[in-house]
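If you read the sequence from its start, that first residue is 1, and numbering goes on from there.
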Amino acid sequence: PMQILSYIGGVVKVEETDLKSRVGFLYPILTHNISVFINSTREQDSGQYMCTVNVVDDPIRLHKNVGLINLTVLVPPAAPTCQLHGTAIVGANVTLSCSSKKGKPSPMYQWQREPPTLQHPNFSPADRVRGTLKLTNLSLEMSGVYVCRAENQAGSKNCSIVLEV
């Protein structure tokens with residue numbers, strides 16, 4: 001464990017860490033609420049944080065003066081990349097892929113075709129984890145703009161690809 005912030009003998013001390021300019025006590029210590037804040041959170045701020053309270057002349061009871069909290073900093077997906085795999089000719093099979101280099105938790109993917117949308121029996125269900133959509137036995141009517149949405153709890157981003165059969 002690495003100490004980041006302390007209040008000892010009436011003095012607040014912020015340790016030399018990458019949090020130094022972004023962390024502090026939320027309220028004056030005399031309010032007895034020792035909540036802390038972290039401004040401009042970053043993915044690397046994720047982790048377990050421990051609060052230890054020792055009161056002068058108060059007997060220290062093992063594990064009774066310690067609080068733990070896990071912090072997970074969510075990261076929205078980066079703009080995904082859409083790609084076409086295969087040759088888009090009548091009767092062929094192609095796969096559309098979508099991937100985002102960043103996102104916490106890992107993004108889920110959803111493919112949609114822009115209007116006019118035809119429900120075609122040759123659309124396989126999209127793989128939401130891998131970001132792939134398989135199109136089999138291509139026909140001219142399957143041409144169009146396909147949009148992939150990469151999404152997690154922190155946000156979403158889109159990319160699109162034009163399929164010309």
Side-chain angles (χ1 to χ4, degrees), residues 1-6 14-27 33-52 66-165:
M2 175 176 54
Q3 186 165 307
I4 57 172
L5 184 64
S6 64
V14 183
E15 301 296 330
E16 290 292 333
T17 68
D18 65 339
L19 288 168
K20 182 169 183 162
S21 63
R22 303 181 293 123
V23 70
F25 288 106
L26 197 56
Y27 303 104
N33 182 332
I34 56 170
S35 298
V36 298
F37 65 84
I38 300 174
N39 288 331
S40 304
T41 54
R42 304 173 186 157
E43 185 176 2
Q44 58 265 35
D45 295 336
S46 295
Q48 188 173 68
Y49 289 79
M50 177 173 60
C51 173
T52 306
V66 175
L68 296 174
I69 189 165
N70 290 310
L71 173 66
T72 301
V73 178
L74 303 179
V75 178
T81 302
C82 288
Q83 292 182 309
L84 169 68
H85 306 277
T87 306
I89 57 174
V90 173
N93 301 334
V94 296
T95 300
L96 305 181
S97 70
C98 177
S99 63
S100 182
K101 293 189 185 313
K102 203 165 89 171
K104 187 175 181 179
S106 295
M108 298 296 278
Y109 301 95
Q110 181 175 348
W111 279 97
Q112 290 185 325
R113 183 172 169 201
E114 285 191 352
T117 304
L118 299 173
Q119 290 303 336
H120 202 281
N122 297 339
F123 290 12
S124 297
D127 183 326
R128 290 188 41 81
V129 175
R130 289 193 185 99
T132 57
L133 175 66
K134 294 179 183 177
L135 304 174
T136 59
N137 192 18
L138 291 177
S139 66
L140 293 174
E141 295 80 30
M142 295 169 76
S143 295
V145 177
Y146 290 79
V147 178
C148 174
R149 179 181 180 95
E151 183 174 33
N152 67 13
Q153 293 96 315
S156 66
K157 289 276 172 49
N158 295 342
C159 66
S160 62
I161 193 162
V162 176
L163 176 66
E164 290 185 36
V165 180

Is any side-chain heavy atom of E114 closer than 4.5 Å to a side-chain heavy atom of V147? yes

Taking the side chain as C-beta and beyond, is there a heavy-atom pair between L135 and T95 under 4.5 Å? no

On a heavy-atom basis, the closest approach of A78 and K101 is CB-N, 4.5 Å

D45 and side chain to side chain contact (heavy atoms under 4.5 Å, CB included): which single residue from I38, T72, V23 fits? I38

Given V145 and V162, is the side chain to side chain contact (heavy atoms under 4.5 Å, CB included) satisfied, shown in steps? CA-CA 4 Å; V145 177; V162 176; 4.1 Å; yes

Heavy-atom side-chain proximity of S97 to H85 below 4.5 angstrom: yes

Sequence neighbours left out, what passes salt bridge (Lys or Arg N to Asp or Glu O under 4.0 Å) with R42? Give chain and number order. none

Taking atom CD of E164 as the centre, does the number of heavy atoms from other residues, nucleotides or ligands within less than 6.0 Å exceed 12? no

For R22 and F37, indicate whether the former's side chain and the latter's backbone hold a donor-acceptor pair under 3.5 Å. no

Partners of N33 by side-chain hydrogen bond (donor to acceptor under 3.5 Å, both in side chains), sequence neighbours excluded? S35

Over all atoms of both residues, closest heavy-atom pair of P77 and N152: CD-OD1, 3.4 Å

V66 backbone acceptor or donor facing T52 side chain under 3.5 Å: no

A quick test of your reading: do over 12 heavy atoms of other residues, nucleotides or ligands sit less than 6.0 Å from CD1 of I69? no

Which value, rounded to the nearest 0.5 Å, describes the distance between L74 atom CG and E43 atom CD? 9.5 Å

Which distance, rounded to the nearest 0.5 Å, do you find between the CE of M50 and the CD of Q3? 9.0 Å

Going by atom types alone, do T17 and E15 pair a side-chain donor with an acceptor below 3.5 Å? no

Determine whether the interatomic SG-SG distance for C82 and C159 falls below 2.5 angstrom. yes

R128 side chain near Y109 side chain, heavy-atom distance below 4.5 Å: no

As an exercise, state the distance from CG of L140 to CD1 of I89, rounded to the nearest 0.5 Å. 11.5 Å

Compare every heavy atom of S100 with every heavy atom of P107, then report the nearest pair and how far apart it is. CG-CB, 4.1 Å

State, with a plain yes or no, whether a side-chain heavy atom of V129 is found less than 4.5 Å away from one of M108. yes

Within a strict 4.5 Å, meaning less than it, do heavy atoms of the V165 and L163 side chains meet? yes

Would you check if I34 and C51 make a side-chain contact, meaning some heavy-atom pair closer than 4.5 Å? yes

Rounded distance (nearest 0.5 Å) linking atom CG of N158 with atom CD of Q112: 9.0 Å

Could you check if a side-chain atom of L5 sits within less than 4.5 angstrom of a side-chain atom of Y49, using non-hydrogen atoms only? no

Can you sort out the partners of S156 under side-chain hydrogen bond (donor to acceptor under 3.5 Å, both in side chains), two or more places apart, ordered by chain and number? R149

One should read off an interatomic distance between K134 NZ and D127 CG, to the nearest 0.5 angstrom, of 8.0 Å

Distance (rounded to the nearest 0.5 Å) between W111 CH2 and L96 CG: 4.5 Å

For K102, does the NZ atom sit with more than 12 other heavy atoms under 6.0 Å from it, leaving out its own atoms? no

